[in-house]
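Remarks on the structure that follows.
Note that this is a predicted model, so its numbers are computed, not measured.
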Number of protein chains: 2
Amino acid sequence: MNPNPAAVNAASQKGSPMSQMQNVERQLREMILGLEVGPGEKLTERWIEGRFGASRTPVRAALLRLETEGLVGRDGRGWTVAPINLAELEQIAVYREAVEVAAVRITCSCADASAIDVIEAMLDSCDENTPREEWHRVGMDFHIELAHLSGNEFLFRAVRDAMTRLSRARWLEVRDEAALGRAWAEHRAILAAIRLGDADDAARRLSAHIVGSRDRLVTSLANDRRGLRARGFAVVAA
Amino acid sequence: MNPNPAAVNAASQKGSPMSQMQNVERQLREMILGLEVGPGEKLTERWIEGRFGASRTPVRAALLRLETEGLVGRDGRGWTVAPINLAELEQIAVYREAVEVAAVRITCSCADASAIDVIEAMLDSCDENTPREEWHRVGMDFHIELAHLSGNEFLFRAVRDAMTRLSRARWLEVRDEAALGRAWAEHRAILAAIRLGDADDAARRLSAHIVGSRDRLVTSLANDRRGLRARGFAVVAA
DNA sequence: TATACCATTTTGGGATACCAAGCCGGTATC
DNA sequence: GATACCGGCTTGGTATCCCAAAATGGTATA
């Protein structure tokens, strides 16, 4: 009954056994985050079922979980890929500023130099030969791992979830080399402040970094709205 | 096939039609939050199925959603009611301090006097004749509604979810009249600061209120740990 | 031509059958 | 008596079937 052998291959190629539900959830999440299905697009349980070669039970479980991540939503009785919502993006920026700053303040008071080195190494791993995709991923992981250092599971999850919600929009954000370089410099400055244990400085820099990122994102999206709609993406105005 | 008519009655007595899934989810959540099922207790899908007169499909959906709320968790292959975890409670306090303070700062800059009056009225609705249960509920709603005033959906949800996770422990917290009176005074002082638009003062008072609340809760639970275990509640040490 | 109405199809919600893995109790062997 | 083994029972995971409601599309009528 499996029309898509790739689905089961993806499941079995991993050493650990992976349930259909985890499989569907992971693959569908990747499709959504990778914009293989456009924001605002309708989803039917039966289509997903056929697409991944799983029955409706794991499909429904995956949809329920992705709903809590904000990646899919209900449209009346049915499901839709969450549209890109400018107002929501701005609210998420405020939210992540609150939790990231709280996390970094905690980290400053119990900084572990070697852990910070690991994060700095992540930044170093990107150079001019690194694909744009990788820069995005590392830029997100920087914030996630930084929050992880706080040791607070809730701050960590909050940052991770916020970055997930932002990631589709970041993907579309136009970032030239100069902007990326500036962002990386800010990242390094934040790490330096943490190393010194200067919580106020780290918080101020992180806050400014997030606000700047938000402003660039919103401007960029507002300008590109027409192009996005042309690609079939639902973009909700702020 | 319905061994428990009460379940369907609860569904039909509401004017709006409620799906089985919502029904199971709501009732199971109430059972967990009301400590009708003890923290750490094992749950089987079949038991829930029989208890609420629903089939496994809505039961599984409800469990998946409650899992994201942190009220149930996986124990290997099965399900358990989330234990009360002291370390987690402390982390939640840090988390909610970050988001509540952020929310109240926003509210200060766009305070709506009438909305604040509504919240103050909530506080006023409690007097010496009000049952303890109601004081708890209003105390939680105070923080939730305050966050709601910020207009930021993510800060609001964060506070609401945090309060949900804390509520089982708050239920056990020993609060004498004097402690409740002090908490209410702090609530009013926070509202007063917001009315004046004094963000720093409001933030300071709110922060102190949350930290105090956390300290009382942790102490109280640590002292009561033996009693809790005697009641069959799993309590994970900090 | 526009619209109201009806038949058909689609779709999510729910129920149930089946399966494999794990748990538990009993038994036989040392 | 202790332990290793085995068989049944429980339980979550999955597939599939049924149903009601909603969407769809075509047709007849004003």
Side-chain angles (χ1 to χ4, degrees), chain A residues 1-12 14-28 32 37 40-68 71-82 234, chain B residues 1-12 14-28 37 40-68 71-82:
Chain A
M1 87 133 278
N2 193 329
N4 182 7
V8 286
N9 287 347
S12 54
K14 284 215 56 171
S16 65
M18 177 171 277
S19 70
Q20 288 277 45
M21 194 210 95
Q22 294 172 316
N23 216 16
V24 173
E25 180 186 342
R26 190 175 47 77
Q27 295 193 56
L28 187 54
I32 294 173
V37 288
E41 224 169 276
K42 292 265 188 301
L43 287 176
T44 70
E45 297 182 356
R46 259 107 179 173
W47 179 82
I48 302 170
E49 180 182 4
R51 178 67 178 73
F52 299 113
S55 76
R56 285 180 66 206
T57 309
V59 166
R60 296 190 60 190
L63 283 169
L64 283 172
R65 311 196 122 237
L66 293 176
E67 185 187 17
T68 70
L71 297 185
V72 305
R74 294 211 123 94
D75 169 47
R77 213 172 53 121
W79 300 94
T80 76
V81 179
Chain B
M1 86 138 276
N2 194 328
N4 182 5
V8 287
N9 287 346
S12 56
K14 283 215 58 169
S16 65
M18 178 171 277
S19 70
Q20 288 273 45
M21 193 211 95
Q22 294 171 316
N23 216 17
V24 173
E25 181 186 342
R26 192 175 45 78
Q27 294 192 56
L28 187 53
V37 287
E41 222 168 278
K42 292 268 186 298
L43 287 176
T44 71
E45 297 183 356
R46 258 102 178 176
W47 179 82
I48 301 170
E49 180 183 2
R51 178 67 179 72
F52 298 113
S55 77
R56 286 179 65 204
T57 308
V59 167
R60 282 175 62 79
L63 284 170
L64 284 170
R65 310 195 126 242
L66 293 176
E67 185 187 16
T68 71
L71 296 185
V72 304
R74 294 209 121 95
D75 169 45
R77 215 170 52 118
W79 300 95
T80 76
V81 179

If the condition is side chain to side chain contact (heavy atoms under 4.5 Å, CB included), which residues does Ala82(B) pass it with, not counting sequence neighbours?
Arg168(B)

Base-contact (B) and sugar-phosphate-only (S) positions in nucleotides 8-14 of chain D, heavy-atom cut-off under 4.0 Å, - elsewhere
---BBBB

Test side-chain contact (heavy atoms from CB on, under 4.5 Å), reference Phe52(B), set Gln20(B), Gln27(B), Arg26(B), output is Gln27(B)

Sequence neighbours excluded, the answer for side-chain hydrogen bond (donor to acceptor under 3.5 Å, both in side chains) partners of Glu45(B) is Arg56(B), Arg60(B), Trp79(B)

Separation of dG12(C) P from Asp75(A) CG (nearest whole Å)
11 Å

Using whole Å, report how far CG of Asn23(B) lies from P of dG13(C).
15 Å

For Thr68(B), side chain to side chain contact (heavy atoms under 4.5 Å, CB included) partners two or more places apart:
Thr68(A)

Salt bridge (charged side-chain N to carboxylate O under 4.0 Å, His left out) filter on Arg77(B), not counting sequence neighbours, yields none

